[in-house]
Every structure is written in C-alpha cells, then in structure tokens.
Participant: 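Before we start, here is the structure in question, set down as structure tokens.
Given the structure is predicted, the values throughout are model-derived calculations rather than measurements.
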Amino acid sequence: CLKKGEYKSSYWGDLLKKNIINNSCFAHIFFPSKKISYSKSIKLLKKVNYHDSNKHFFVEEFFSLKIFFKVIFHWIMNIYRYTKNKDIIQMEFEKKNISTGFLFCEKLEEEFYGISSLISFYYFFLFKEINTTFKNLSKTFYLYENQGWEKSFIYNLKKNNLNKIYAVQNSTVRFWDLRFSVNSYKNSNLFNHLEPNFYLVNGNDSFEKFVENGYPIKKIKHVEAIRYFELMKFINLNLNKSIKKNSVLVIGDYSVKSNMNIAKSINNLDKFVKNNFNFSVKEHPLRKMTNHLNIEYNKTELPLEKLINEHEFAIVGNTTSAAIDLYLLGSKLIIILDQNFVNLSPLKDVDNVYFLSNYLKLKDVLLNFNNEDKFNNKKKTNFFNYNPNYDLWDNLINKEN
C-alpha cells in the first residue's frame, strides 16, 4: 500500500477510509526492520503525503546534533545525581520495610543511567522539538499503552498547546496488566501534566476494567472498536451456521508450554472420543504445535470467522487473545490452563467459558459442556462497541468541542 502512496492501519481502520480523520498529522515511531530501511520508509511516507490530505512523519526526523548533545548532557547529569543519592534511595526501601525493595535496585540503575535512561531523554527532547513546531492543535489522539514515552509526549504537548488529549485504548484490557492500573496519586493534581484529558475505551468490558482499576469515570469516553471492526461486523450479520457435530477447532499458541499442555489434554483422550470427534488445528503463525499431537487432525489456515461456522468446540491456551474472538463468535470455548501458573486469560471470570486445569477431564467437558448452569448461550452484547458508521468517533473528532 505504501508503494502505491496509500496508508492503511488496523489501528485507525475505516476512520481513514470514511474520511472521518482528515487534514491531520500522523506522528510515527520508526522500528528497525530487515524488510525496509529508515531512508526508504521516509521516501514512502513522502509518497503517501503527496496523495493524502493527512500528513505523515517519523518523530526521528526531528533528531539533530543539538538534541544529541542535550541527551548526552542530561544522561551524564542523571548518572551523577543517582550515584550521589543511591545509598539514600536504598535506605528508604529498608526504612519503609518494603520487602521487595531489592528487586527494584537493578531496575532503578537501568532507568537512571542505563540504556533506558538514554532512550527516555531521546524521546523527551524529540517530542519537545515536535510540539514546539506544531502549535495550535485542537485535538490529539495517541495509542494508549501507558509506556514511558507517552508521559514525555503529553508533558511537552500540554506545555506548548491548549488542545484536548485523548488516550485511545484499542485492544483488550487484561485484568493482570499493570500498565492499566492507577496509583492513588492519580486522584490529585500532582500528575495532571502527565495525563491525557480523556481515555477512550472500545466497549463495556474495557470500561468496567478501567473503572475497577481506579480511572475516574468522568474522564472515560466510549468509541467504536476499530481493531475488532471486521469481527463485530461478522457477528452482526447473523449468518446461519452449518456447525458439524462433535467437531473441535484447536488454536495453537506462541507459548511452547501452552501448546504442549493443549496437546497433553488432547493426547490423553480415549479411543471413543478420538474416533467420534473430528479435530482441526490452526497453528500460531510463528510457532508449530502439531508435532506434539498424536491424533488424526486436519490442518487449516482459514480465518476464525470461517472456521467457527464449521466447528462445535474450540480449544485454546491460557494467554491467547484469540479466545475473545472465539467467545464473541459463540464458540463452545475450552481454555487449557497451564499448571502451576496464574490464569492469564483475557476471559478470566467470564461466563460461557470452561477453564480446564485437569488435563484428564477434557473428555468429560466435551461430552457434557452444556450441562452446567453457566453455559446458557446468552448473547454477548457490548463487549466491543460497534457501529458501521463510526458515529461515536465522528462526533468526537469532527463535532464535539
């Protein structure tokens, strides 16, 4: 697409196609790739800019010799300050009886005078230069993952502009992900200069987790789920399913451990189940799992939307996000937990899902899935917000002051 002068992104989806986002600037962070060089990437973005009303640039384009010396100077000052106060910091941990304090010592050194410190100063001064250049912005949206560079971005943006800043939560919120936790200071004005004006959530599941994690409700707004638009579109079509009885779809994981545990559960099935159930396997693009299986199976690479129409059951690992797609598509979902490990599934505590910890009981689950009260086939509504016209986004970007 870039070679044709077109910019497409799963993060912004049809907001670009429908011209809901137009006459705007896109700031990209460049990540090194064997497929394409930095200089070639810049040329391709310039080609896009020639055809597009939106303008694109890499933040790295603002790097200069002046910024280089600023980064080195502040990095050296940081090393001096931390070295001077290192003992005092460690004493504070001991004084407050923080038993886990020793775990932070190495991390503190990395953050104050390691590579992480250099990177933090690098992005701080890049964003300072960018936000000095772009003034009088009305609204700014950024992909929210609560990473360090986001604080530098917001700090400099608020210093040079009076615009509203929106943090866009575009994926799912896992209950265990500390990036989406809020400390007690967030309720004061102490960190206002580092926080966005609003947080944009893509559905009720994310909204409830944000509230539970301490985000103020008045700062949370709902928008349509861009990244899951095709999934929600498929669900809302209400297509007739031709599900094959006793058919099982097995989804491979990136984790070798999870793949082995899934295989262990299936391999332990008796002859009756193996002879009366049909198994299909969709492997993770970067990890093979069929070498762990000793049953007959069909290997497939079809998208989940097509596979779910043909299979009665789906089996996934402990951490895979594909579980959400299968859950929303109405699959009889079985999640194999990793023994001696925390349940990290994004669907933890959700009804209509079976979490299997005893690998010998997979047969019982397959034969009696619908017998438990919690499997009531109730419709899953508002997990993600869906509207084919993106009315919430359109109102927020183009109409709301």
Participant: Per the salt bridge (Lys or Arg N to Asp or Glu O under 4.0 Å) rule, what does the pair list look like for residues 245-269, sequence neighbours excluded?
Facilitator: Lys245-Glu312
Participant: Which salt bridge (Lys or Arg N to Asp or Glu O under 4.0 Å) pairs, counting each pair once, include a residue from residues 1-29, with sequence neighbours left out?
Facilitator: none
Participant: Going by atom types alone, do Ser247 and Glu310 pair a side-chain donor with an acceptor below 3.5 Å?
Facilitator: no
Participant: Could you work out, with salt bridge (Lys or Arg N to Asp or Glu O under 4.0 Å) as the rule, every residue matching Glu111, not counting sequence neighbours?
Facilitator: Lys107
Participant: Compile the donor-acceptor pairs under 3.5 Å between side chains in residues 387-397 and protein atoms, sequence neighbours left out, one pair per line.
Facilitator:
{"unit_1": "Asn387", "atom_1": "OD1", "unit_2": "Asn389", "atom_2": "N", "d": "2.7"}
{"unit_1": "Asn387", "atom_1": "ND2", "unit_2": "Asp391", "atom_2": "OD2", "d": "3.2"}
{"unit_1": "Trp393", "atom_1": "NE1", "unit_2": "Glu224", "atom_2": "O", "d": "3.0"}
{"unit_1": "Asp394", "atom_1": "OD1", "unit_2": "Asn398", "atom_2": "ND2", "d": "2.7"}

Participant: With sequence neighbours left out, what residues match Asp338 under salt bridge (Lys or Arg N to Asp or Glu O under 4.0 Å)?
Facilitator: none
Participant: Among residues at least two apart in sequence or on other chains, which ones pass side chain to side chain donor-acceptor pair (under 3.5 Å) with Asn163?
Facilitator: Thr140
Participant: Do any N or O atoms from the side chain of Lys219 and from the backbone of Pro196 form a donor-acceptor pair under 3.5 angstrom?
Facilitator: yes
Participant: Listed by chain and number, what are the side chain to side chain donor-acceptor pair (under 3.5 Å) partners of Asn170, not counting sequence neighbours?
Facilitator: Arg227
Participant: Taking only residues two or more places apart in sequence, or in another chain, which ones meet Arg81 in a side chain to side chain donor-acceptor pair (under 3.5 Å)?
Facilitator: none
Participant: Going by salt bridge (Lys or Arg N to Asp or Glu O under 4.0 Å), name the residues that satisfy it together with Asp364, two or more places apart in sequence or in a different chain.
Facilitator: none
Participant: Going by the salt bridge (Lys or Arg N to Asp or Glu O under 4.0 Å) test, which pairs reach into residues 164-177, not counting sequence neighbours?
Facilitator: Arg174-Asp177, Asp177-Arg179
Participant: What side-chain donor-acceptor pairs closer than 3.5 Å can you find for residues 121-129, not counting sequence neighbours?
Facilitator:
none

Participant: When you measure from the side chain of Tyr228 to the backbone N and O of Asn385, does any donor-acceptor pair fall under 3.5 Å?
Facilitator: no
Participant: Does Asp270 have any side chain to side chain donor-acceptor pair (under 3.5 Å) partners at least two apart in sequence or in another chain, and if so, which?
Facilitator: Lys363
